[in-house]
Amino acid sequence: QVQVVESGGGAVQAGGSLRLSCGASGTIARINAMAWYRQAPGKQRELVAMILTVGGTNYADSVKGRFTISRDYAVNTVYLQMNSLKPEDTATYYCNVKGLRAGAPFFDAWGQGTQVTVSS
């Protein structure tokens with residue numbers, strides 16, 4: 001089983017910053033992608049940012065220029081630096097990890113989520 005754990009959420013005022021962290025552990029042979037999703041009350045879960053092991057990143061249009069995704073490959077950890085936060089960024093943020101599990105062809109693992117609340 002691949003375990004995914006997020007941390008770093010909290011409550012901030014509009015214009016503030018937070019850094020989210022997500023670590024993956026278990027019988028991992030290779031991670032192909034790590035990503036952050038978010039889900040606000042009554043809304044569908046949406047992709048916020050993704051970083052690919054082969055290279056490259058993708059961001060939702062709503063966070064471009066404000067959020068930055070990065071990885072520490074040595075410890076299977078992904079970060080999301082969130083700057084210039086807006087009330088509409090308020091959501092539960094989930095970490096997603098895709099790759100190859102030792103002894104299995106593929107995995108798609110999710111964390112439990114961390115809450116981000118931005119007040120005006």
Side-chain angles (χ1 to χ4, degrees):
Q1 187 76 14
V2 176
Q3 306 295 324
V4 178
V5 180
E6 308 99 331
S7 64
V12 298
Q13 294 183 352
S17 298
L18 284 172
R19 185 189 297 270
L20 306 184
S21 298
C22 168
S25 62
T27 54
I28 299 170
R30 176 183 173 86
I31 291 174
N32 292 329
M34 302 185 82
W36 289 96
Y37 289 73
R38 67 186 180 188
Q39 188 166 25
K43 302 295 183 181
Q44 185 172 264
R45 187 174 299 189
E46 65 173 347
L47 175 67
V48 177
M50 176 180 291
I51 185 164
L52 304 175
T53 300
V54 297
T57 57
N58 294 297
Y59 294 93
D61 288 341
S62 60
V63 307
K64 286 180 179 177
R66 300 188 298 121
F67 292 9
T68 303
I69 189 169
S70 61
R71 270 183 69 175
D72 184 340
Y73 288 83
V75 293
N76 290 337
T77 299
V78 64
Y79 305 93
L80 185 68
Q81 178 65 47
M82 304 185 294
N83 298 326
S84 302
L85 283 161
K86 304 175 180 180
E88 51 262 46
D89 295 319
T90 295
T92 301
Y93 284 70
Y94 297 90
C95 181
N96 176 244
V97 184
K98 295 182 173 67
L100 302 177
R101 180 184 174 188
F106 180 78
F107 72 86
D108 184 349
W110 293 84
Q112 294 295 315
T114 185
Q115 179 66 36
V116 172
T117 302
V118 184
S119 60
S120 60

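All values derive from a computational prediction rather than experimental measurement.
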Review point. Taking the six-membered ring for Trp, are Y93 and F67 parallel (under 30°), tilted (30 to 60°) or perpendicular (over 60°)?
Key: tilted
Review point. Does anything in residues 3-28 pair up under salt bridge (charged side-chain N to carboxylate O under 4.0 Å, His left out), and if so which pairs, sequence neighbours excluded?
Key: none
Check your understanding: How far does OH of Y94 sit from OG1 of T114, to the nearest 0.5 angstrom?
Key -> 10.0 Å
Practice item. Return each pair, listed once, that meets salt bridge (charged side-chain N to carboxylate O under 4.0 Å, His left out) where at least one residue sits in residues 110-120; pairs must be two or more places apart or across chains. Key: none
Practice item. Among residues two or more places apart or on two chains, list those pairs meeting salt bridge (charged side-chain N to carboxylate O under 4.0 Å, His left out) that have a residue in residues 109-120. Key: none
**Study point:** Contacts of type salt bridge (charged side-chain N to carboxylate O under 4.0 Å, His left out), residue R66, not counting sequence neighbours
**Key:** D89
Check your understanding: Under a 4.5 Å cut-off applied to non-hydrogen side-chain atoms, are I31 and R71 in contact?
Key -> yes
Review point. How would you list, by chain and number, every residue that makes a side chain to side chain donor-acceptor pair (under 3.5 Å) with T68, sequence neighbours excluded?
Key: none
Point to revise | CD1-OH distance between I51 and Y59, expressed to the nearest 0.5 angstrom | key: 7.0 Å
Review point. Would you call L20 and C22 a side-chain contact if the rule is heavy atoms closer than 4.5 Å?
Key: no
Practice item. Could you tell me whether the side chain of D72 and the main chain of V78 form a donor-acceptor pair under 3.5 Å? Key: no
Practice item. Measure the CZ-CZ distance between R45 and R38 for me, rounded to the nearest 0.5 Å. Key: 13.0 Å
Check your understanding: Which residues satisfy the salt bridge (charged side-chain N to carboxylate O under 4.0 Å, His left out) test with K64, sequence neighbours excluded?
Key -> D61
**Study point:** Rounded distance (nearest 0.5 Å) linking atom OG1 of T117 with atom CD of Q13
**Key:** 13.0 Å
Study note, to complete from the structure: Heavy-atom closest pair (I69 atom, M34 atom, distance to 0.1 Å) is CD1-O, 3.9 Å
Revision key, fill the gap. Looking only at heavy atoms, the pair that brings A49 and L80 closest together is CB-CD1, 4.1 Å
Check your understanding: Any side-chain donor-acceptor pair under 3.5 Å between T53 and N32?
Key -> no
Review point. In terms of hydrophobic clusters joined by side-chain contacts under 4.5 Å, are W36 and V116 together?
Key: yes
Check your understanding: Should we say atom CD of E88 is surrounded by more than 12 heavy atoms from elsewhere, each under 6.0 Å from it?
Key -> yes
Review point. Is T90 reaching over with its side chain to a backbone N or O of V118, donor-acceptor style, under 3.5 angstrom?
Key: yes
Check your understanding: Mind checking whether Q1 and F107 have side chains closer than 4.5 Å, heavy atoms only?
Key -> no
Point to revise | For K98 against D108, the heavy-atom pair lying closest together | key: CE-OD2, 3.6 Å
**Study point:** Which atom of P87 lies closest to which atom of S120, heavy atoms considered
**Key:** CG-CB, 4.0 Å
Point to revise | Least distance between heavy atoms, L47 atom then A60 atom | key: O-CB, 3.4 Å
Point to revise | Verify same cluster id: I28, V5 (apolar side-chain graph, 4.5 Å) | key: no
